[in-house]
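The structure appears right after this line, and notes come after that.
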Amino acid sequence: MNRINRQSGIGLIGFLIIAGFLVVIGTVGLRLFPVYTQYMTVISVIKDVSAESGASGKNIRVLWGEVDRRFQINGVTHVTRDDVTIVEQSGVRSLRVKYEVRTPMIANVDAVVSFDRSFTLSE
């Protein structure tokens with residue numbers, strides 16, 4: 001017996017499942033992209049302030065002033081003064097930024113993203 005033009009391809013149900021999956025992945029990506037781009041800006045600012053000459057001799061108020069000024073210029077809104085601290089370990093001072101961002105995803109589902117990074121203050 002000869003089979004007449006065997007059909008191949010994706011059915012409607014399969015197409016809808018794949019399309020739904022891609023929509024969910026796209027929504028998550030679009031919601032998290034601004035959070036991660038702002039994180040990259042925060043890391044850039046903290047790294048620059050930490051690398052300045054004499055940064056290890058400055059107190060937290062002076063360092064926060066420099067960090068906050070750069071945050072305002074770059075439009076960083078998720079980091080507060082309480083999120084930036086100086087950590088001293090084995091005689092080495094580091095500038096640490098630790099914060100969380102909560103962003104709405106779909107309906108009543110939120111994504112919480114935690115960031116924690118520190119840079120050694122230069123002499």
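It should be emphasised that the depicted structure is a prediction, and the values quoted were computed from it without experimental measurement.
Taking every heavy atom of both residues into account, K47 and F119 meet most closely at CE-CE2, 3.8 Å. The shortest heavy-atom contact between W64 and V79 is CH2-O, 4.3 Å. In this structure, T103 and R31 approach most closely via the heavy-atom pair OG1-O, 4.0 Å. A55 approaches V49 most closely through the heavy-atom pair CB-O, 3.6 Å. Of all the heavy atoms in M105 and T27, the pair that sits closest is O-CG2, 4.4 Å.
In this structure, N74 contributes its side chain and R70 its backbone to a donor-acceptor pair below 3.5 Å. In this structure, the side chain of S122 engages the main chain of E52 through a donor-acceptor pair within 3.5 Å. Under a 3.5 Å cut-off, the side chain of T37 and the backbone N or O of F33 do form a donor-acceptor pair.
Note: the hydrophobic cluster containing V35 also contains V28 (ILVMFWY, side chain heavy atoms under 4.5 Å, direct or indirect links). Criterion: ILVMFWY side-chain heavy atoms under 4.5 Å apart, direct or through other members. Under it, V24 and I18 are not part of a common hydrophobic cluster. Under the 4.5 Å side-chain heavy-atom criterion for ILVMFWY residues, no single connected hydrophobic cluster contains both V97 and V62. When hydrophobic clusters are built by joining Ile, Leu, Val, Met, Phe, Trp and Tyr residues whose side-chain heavy atoms come closer than 4.5 Å, directly or via intermediates, M40 is grouped together with L32.
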Assess whether side-chain contact (heavy atoms from CB on, under 4.5 Å) is satisfied between F71 and V42, documenting all intermediate values.
CA-CA 7 Å; F71 281 172; V42 168; 4.0 Å; yes
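L16 CG to I10 CD1: the interatomic distance, rounded to the nearest 0.5 Å, is 9.0 Å. We find the OG1-CD1 distance between T41 and I73 to be 12.5 Å, quoted to the nearest 0.5 Å. H78 NE2 to Y39 OH: the interatomic distance, rounded to the nearest 0.5 Å, is 14.5 Å. Taking CD from Q89 and OG from S118, the interatomic distance works out to 8.5 Å, rounded to the nearest 0.5 Å. Taken to the nearest 0.5 Å, the CZ atom of R93 stands 6.5 Å off from the OG atom of S56.
Within 6.0 Å of CD in E88 there are more than 12 heavy atoms belonging to other residues, nucleotides or ligands.
Taking the charged nitrogens against the carboxylate oxygens, K98 and D83 have no contact shorter than 4.0 Å, which rules out a salt bridge. A salt bridge links R96 to D116: one of the charged nitrogens lies within less than 4.0 Å of a carboxylate oxygen.
Between Y99 and F115, the ring-plane angle classifies as tilted under the 30° and 60° cut-offs.
Just one residue in the list I86, T120, V87 forms a side-chain contact (heavy atoms from CB on, under 4.5 Å) with L95, and that residue is I86.
Side-chain atoms of D68 and V84, non-hydrogen and from C-beta on, never get closer than 4.5 Å to each other.
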